[in-house]
Number of protein chains: 2
Amino acid sequence: MNDLPHHEQAIELLQEFGLKEYEAKAFVALSRLPEGTAKEISEISEVPRTRVYDAVRVLETKGLVEIQHANPQRFRAVSIDEAAETLRREYEERTDSLRATLRKIEPAAPTEETEITHEVWALSGASAITSRTQQLVDESDREVILVIGDESAYPSELRDRLQAALDRGVSVVIGITDPSLQERVESDLPEAKVFVSALEWLSSSAETGDETVIGRLLLVDRNTILVSSFHESTGDGRDHEQAVFGRGFDNGLVAIVRRLMSTGLLSEMNS
Amino acid sequence: MNDLPHHEQAIELLQEFGLKEYEAKAFVALSRLPEGTAKEISEISEVPRTRVYDAVRVLETKGLVEIQHANPQRFRAVSIDEAAETLRREYEERTDSLRATLRKIEPAAPTEETEITHEVWALSGASAITSRTQQLVDESDREVILVIGDESAYPSELRDRLQAALDRGVSVVIGITDPSLQERVESDLPEAKVFVSALEWLSSSAETGDETVIGRLLLVDRNTILVSSFHESTGDGRDHEQAVFGRGFDNGLVAIVRRLMSTGLLSEMNS
DNA sequence: GTGGGGGTTCACTCAGATAATCACAATAAG
DNA sequence: CTTATTGTGATTATCTGAGTGAACCCCCAC
């Protein structure tokens, strides 16, 4: 994914956790030593010696290093697992706290009502799209049609949600482009209708020349649609998933996909 | 804990997740509306209208808002649970990634060996101290003596670690200053020796005048010691836990505490 | 077609945070 | 006592992000 030296990569990761450059560098340096003095840290980390002290002190308050008060002072990084666990806990608590706080503010002054007919929304990020997918499956009433174009679009949590839908009598139809996935899905959800192919118009993009590949396609109760795609062409090699989300039976997008799906599925099911 | 208006508090929390001020404000504003335009967001969030667009676009790439491409554009925040879940997942992945990356760099150039006799280390933060406590319990061979001075020092995970220690034949002695905790610990760990009081010299700090109160005290195999305390006096009302950690049978600190504990415990057990 | 107004994007300034360097005090060793 | 090393504090440079305004675009009215 990334071809930087490992310690450089670790520094970047640590900065994503809110550490400053010097703090991240100092921690990585300490992770490479059983223990070290300010001088040693400075030498292998490019952090000016006089700034090591501040950095390490901050790290200590965050629970990432220990300090031995001697002369010269000695510093030691906590174990990798301790560090990861400490950070994980920190952010776990923050999400809980955030969730609670957000709940308290929801009530807001409604400006005005607008009647909505063709709502089509864009959202992005695999994680957000996964959440939305699960939520839509959860609220399904009668029918779920799901096309999985990429393995990443079928996390294990989704299986349980689909099973729950089946259990309450929802019809579940699943289309898969990758045959290797078929077995897994069929054994996961024996009650669902699973089929492969007939979806070339989805995956084959060679002749059209566009680099967009469909990730998932979800149609719930013929009423609500979610389509996600990966845009390989857009520069950075990251796998950034984007999606559109539409609701309303008479929504243009929903109508198109409904038509597309039903014809595509019918021809497949008849064969 | 905090007496700010809830939305202010939410903004601060979001910034701790790496969001910029405008991004955090825009998200909170959107959380208060079913949906909104740039103008509406600007009005209730103090974000300059012309910058709402950047902010929201960033939020979209992070999976926190959806965009409706119309004129004017409409924005909508994902549900609270979706947002919290997205952020949680994000940082979960980062900790995993960090853990993996750190493992790859451990090997470093050893500068020189120093023989250590009296190592005493300082570390801080409840989370880090909890991690260390558990690790020490896990590595115990023969005996664990634990004094719990504050309820926060006895998280549920610790019970399992202590039970595991008991199961492998380690002698576990637990001292508690708060009687209300005694029952819980005794039912949690019937095989452990639990006692109260006889520890006034730990908790009562009235006459000494110092504001330090002991949080936990752990002695493992008469060899390794961890003492944590809360410093109420140090200005900010935060409950910042600090600890010292010593290892080595002939370590001065370890020796002192070993003596202190054995006399204290003996008198108690004889009574 | 032409003019006006709202919506959107872009470019720029300024301030605060943070990286980088230096000067000096404290301490230990010789 | 001298000197090298450790630790603290102050100072400067650099950069990011907040704040502001100008320009562009599109739709609609005239």
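No experiment lies behind these values; they were computed from the predicted model shown. The chains referred to below are lettered A, B, ... by the order of the sequence lines, with proteins before strands, and numbering in each begins at 1.
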Peer 1: Using atom NE2 of A:His69 as one end and atom C1' of D:dT8 as the other, report the distance to the nearest whole Å.
Peer 2: 15 Å

Peer 1: By the 4.0 Å heavy-atom rule, please label A:Thr50 as base, sugar-phosphate, or nothing.
Peer 2: base

Peer 1: Within less than 4.0 Å of OP1 or OP2 of C:dT9, is there a side-chain N or O belonging to B:Tyr53?
Peer 2: no

Peer 1: Taking atom P of D:dA18 as reference, at what distance in whole Å does atom CG of B:Asp54 sit?
Peer 2: 10 Å

Peer 1: Look at the aromatic rings of B:Tyr91 and A:Tyr91 and report parallel, tilted or perpendicular, splitting at 30° and 60°.
Peer 2: parallel

Peer 1: Let's see if you can work this out: which of C:dA19, D:dG19, C:dT8 has an atom nearest to the side-chain heavy atoms of A:Lys20?
Peer 2: C:dA19

Peer 1: Take the protein atom CG of A:Leu19 and the nucleotide atom P of C:dA17, then report the distance between them rounded to whole Å.
Peer 2: 18 Å

Peer 1: A:Asn223 and side chain to side chain contact (heavy atoms under 4.5 Å, CB included): which single residue from A:Ile225, A:Asp221, A:Leu219, A:Val220 fits?
Peer 2: A:Asp221

Peer 1: Nearest whole Å is fine: how far is D:dT5 P from A:Gln73 CD?
Peer 2: 18 Å

Peer 1: Return the value, rounded to whole Å, for the distance between atom CD of A:Glu60 and atom C1' of D:dG7.
Peer 2: 17 Å

Peer 1: For C:dT9, take OP1 and OP2 only and decide whether either is under 4.0 Å from a side-chain N or O of B:Arg57.
Peer 2: yes

Peer 1: Which nucleotide wins on minimum distance to the side chain of A:Pro72, given the candidates C:dA20, C:dT9, D:dT6?
Peer 2: D:dT6

Peer 1: Hey, are B:Ser31 and B:Arg76 close enough side-chain-wise for a donor-acceptor pair under 3.5 Å?
Peer 2: no

Peer 1: For the pair made of CD1 in A:Ile67 and C1' in D:dT6, what is the distance, rounded to whole Å?
Peer 2: 15 Å

Peer 1: Strictly by modelled atom types, are B:Glu241 and B:Ser228 linked by a side-chain donor-acceptor pair under 3.5 Å?
Peer 2: yes

Peer 1: Select one nucleotide: of C:dG7, C:dT8, D:dG19, the one nearest the side-chain heavy atoms of B:Lys39.
Peer 2: C:dG7

Peer 1: From C-beta outward on A:Arg49, which listed nucleotide comes closest to its side chain: D:dT6, C:dA20, D:dA18?
Peer 2: D:dT6

Peer 1: Considering only NZ, NE, NH1 and NH2 on the basic side and carboxylate oxygens on the acidic side, decide whether B:Lys20 and B:Asp54 come within less than 4.0 Å.
Peer 2: no

Peer 1: If you look at every strand shown and take non-hydrogen atoms under 4.0 Å, does B:Pro48 touch a base, only sugar-phosphate, or nothing?
Peer 2: base

Peer 1: So does A:Arg51 get a side-chain nitrogen or oxygen closer than 4.0 Å to the phosphate oxygens (OP1/OP2) of C:dT21?
Peer 2: no

Peer 1: Select from A:Asn71 and A:Glu21 the residue whose nearest nucleotide in DNA chain C is closer to the 5' end of that strand.
Peer 2: A:Glu21

